[in-house]
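To start, the structure under review is shown below, and the notes come after it.
For clarity, every value in this text was computed on a predicted model and none was experimentally measured.
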Amino acid sequence: MDKKYHIETDAIHAGQEPDPSTGAIMTPIYQTSTYVQKSPGEHKGYEYSRTGNPTRTAFESLMAALEGGKHGLAFSSGMAATDTIMRLFKPGDHTIVGNDVYGGTYRLFDKVLKQYGLEFSFVDVTDPEAIEAAIQPNTHLIWLETPTNPMLRLADIRAISVIAASKSPRIWVAVDNTFASPYLQQPLSLGADIVVHSTTKYLGGHSDVVGGAVVLNDEEAYLKLKFLQNAVGAVPGPQDAWLTMRGIKTLHLRMERHCENAMKVAQFLSDHSAIAEVYYPGLESHPQHDLAKRQMPKGYGGMISVIMAGGRDAGYQFVSRTKLFALAESLGGVESLIEHPGVMTHASTSDSTFPVPASLVRLSVGVEHIDDLLEDLQSALVGL
């Protein structure tokens, strides 16, 4: 599509033209590993499905459109996307990372990539001045999550991107946009260079597929990542790409309900005696609420974290008592989930200088009827 459409329209149409051979309105699942060539090296754009697949191409074009970027690349998971980005750098290169990131990201950076010579500093990304102070002569990348996982802190993407762009040589800014989704936040428009997603979450939206994606504008970096995508081979199959595209068609509808429900859940929890503190950017009590209004103008997402007044044991009881909020890792599906990050998604940060609080509970608020969700939480909190 050459015309610029709103994201709601792009979610349904971008990269997904009707099949020219049959007129099928849905992108076919090209379930093939290889492609017949007319003569050696003469093919129709596809040679081998690790290198490229028409279903994956449609998905990659869709991701680029959603994030307002020129190039999209799909991967087998969010961590595969992250790892491939980091292969752009060499031993001795330095990355600034938030000190409140997903446990899998911390594990990859601290437990895997450091042993190959990459250097990392973990910094409070809510403070642009702290990020600037952490810049070294060998700093090549600033890695942001916003909102962060699991403390729901925000990084000022525009301010940090201005700092990065002022340095010589220029420092790249990568933003993990998984918690917000492209519907609520578009980091490239705020000055970031690379956007990464775990498409497993809000983009797929139905807890039935694992995947990752990268979107960027820079042609040279895209070609390098495209080479790495093929060389390393951590790519999704066509069925995974198709499932994620199907989920994306209702992204805007789901995100509106996620945001609506989460706000009401956050307000309910804020007023409950068993909860000591609620982290949700949509609350006026959130220290970065004004930034959230500017950076996420359509809503504040479906993720909430809370500190239990009764400590760790109360947290364990809370997550074990809910019925609709299923005790499980992951997030962003239509169903509500609840978890204890300290022993689940963020257990790998236990030996870091920023372990998650033992009394922290994280909720992924789904799209069920709000009255049923509030009743479930009320019942689970009795006596805590």
Report, as yes or no, whether the 6.0 Å neighbourhood of atom [atom1] on [X] holds more than 12 heavy atoms from other residues, nucleotides or ligands.
| X | atom1 | result |
| --- | --- | --- |
| Phe354 | CZ | yes |
| Gln115 | CD | yes |
| Glu375 | CD | no |
| Glu129 | CD | no |
| Lys224 | NZ | no |
| Glu42 | CD | yes |
| Lys70 | NZ | no |

[X]-[Y] co-clustered via ILVMFWY side chain contacts under 4.5 Å:
| X | Y | answer |
| --- | --- | --- |
| Leu144 | Trp172 | no |
| Leu228 | Val235 | no |
| Leu141 | Leu108 | yes |
| Phe268 | Tyr279 | no |
| Phe325 | Val319 | yes |

[X] [atom1] to [Y] [atom2] distance, which is reported to the nearest 0.5 Å:
| X | Y | atom1 | atom2 | result |
| --- | --- | --- | --- | --- |
| Ile307 | Leu269 | CD1 | CG | 12.5 Å |
| Thr250 | Glu256 | OG1 | CD | 11.0 Å |
| Thr139 | Asp93 | OG1 | CG | 9.5 Å |

### Message
Could you check whether Asp10 pairs with Lys249 (Lys NZ or Arg NE/NH1/NH2 to Asp/Glu carboxylate O, under 4.0 Å)?
### Response
no

### Query
Under a 4.0 Å N-O cut-off, is there an ion pair linking Arg170 with Asp193?
yes

Could you tell me whether the side chain of [X] and the main chain of [Y] form a donor-acceptor pair under 3.5 Å?
| X | Y | result |
| --- | --- | --- |
| Arg254 | Gly247 | yes |
| Gln185 | Thr146 | yes |
| Glu60 | Ala74 | yes |

### Task
Report the C-alpha separation of Phe109 and Trp143 in whole Å, then their side-chain angles, then the decisive distance to 0.1 Å, and conclude whether the ring-ring contact (aromatic ring centres under 6.0 Å, His included) test is met.
CA-CA 11 Å; Phe109 289 178; Trp143 184 276; 5.6 Å; yes

### Query
Are Thr322 and Asp376 close enough, and set up right, to give a side chain to side chain donor-acceptor pair (under 3.5 Å), and what steps lead you there?
CA-CA 6 Å; Thr322 54; Asp376 188 41; 4.6 Å; no

### Pair Leu216-Leu225, side-chain contact (heavy atoms from CB on, under 4.5 Å): steps then yes or no
CA-CA 10 Å; Leu216 70 168; Leu225 285 170; 4.0 Å; yes

### Task
Show your working on side chain to side chain donor-acceptor pair (under 3.5 Å) between Thr84 and Gln229 and close with a plain yes or no.
CA-CA 7 Å; Thr84 304; Gln229 181 195 46; over 6 Å; no

What heavy-atom pair brings [X] and [Y] nearest, and what distance separates the two atoms?
| X | Y | result |
| --- | --- | --- |
| Ser121 | His94 | OG-NE2, 2.7 Å |
| Gly103 | Ser348 | O-OG, 2.7 Å |
| Tyr35 | Ser49 | OH-OG, 2.7 Å |
| Asp100 | Pro150 | OD1-CD, 3.2 Å |

### Message
Counting the benzene-type ring for Trp, do Phe59 and Trp242 have ring centres under 6.0 Å apart?
### Response
no

### Message
In this structure, is the centre-to-centre distance between the rings of Tyr316 and His340 below 6.0 Å?
### Response
yes

### Query
Hey, does the Lys NZ or Arg CZ of Arg87 hover above the aromatic six-ring of Phe89, less than 6.0 Å from the centre and inside 45° of the axis?
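No; the conditions do not both hold, so Arg87 does not lie above the ring face of Phe89.
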
### Derivation and outcome, side chain to side chain donor-acceptor pair (under 3.5 Å), residues Ser207 and Glu335
CA-CA 8 Å; Ser207 300; Glu335 70 289 325; 2.5 Å; yes

### Message
Is it true that Thr345 and Glu339 share a donor-acceptor pair across their side chains at a distance under 3.5 Å?
### Response
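Present: a donor and an acceptor within the cut-off.
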
### Query
According to the interplanar angle, ranging from 0 to 90°, do the rings of His346 and Tyr102 count as parallel (below 30°), tilted (30 to 60°) or perpendicular (above 60°)?
perpendicular

### Message
Quick one, Ser352 and Asp110 - any side-chain contact, counting heavy atoms below 4.5 Å?
### Response
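A side-chain contact under 4.5 Å is absent here.
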
### Query
Should Tyr280 and Val265 be marked as a side-chain contact (heavy atoms from CB on, under 4.5 Å) after you check the CA-CA gap, both sets of side-chain angles, and the distance that decides it?
CA-CA 10 Å; Tyr280 184 66; Val265 168; over 6 Å; no

### Task
Begin with the C-alpha distance, continue with both residues' side-chain angles, and end with the deciding distance and a verdict on side-chain contact (heavy atoms from CB on, under 4.5 Å) for Glu119 and Gln136.
CA-CA 11 Å; Glu119 299 177 7; Gln136 303 174 10; 4.3 Å; yes

#### Entry: Sole candidate of Tyr183, Tyr202, Tyr300, Phe179 that passes ring-ring contact (aromatic ring centres under 6.0 Å, His included) when paired with His258
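Only match with His258 under ring-ring contact (aromatic ring centres under 6.0 Å, His included): Tyr202.
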
### Task
For side chain to side chain donor-acceptor pair (under 3.5 Å), just list the numbers for Ser336 and Glu368, CA-CA rounded to whole Å, side-chain angles, deciding distance to a tenth of an Å, and then say yes or no.
CA-CA 8 Å; Ser336 294; Glu368 302 95 337; 2.8 Å; yes

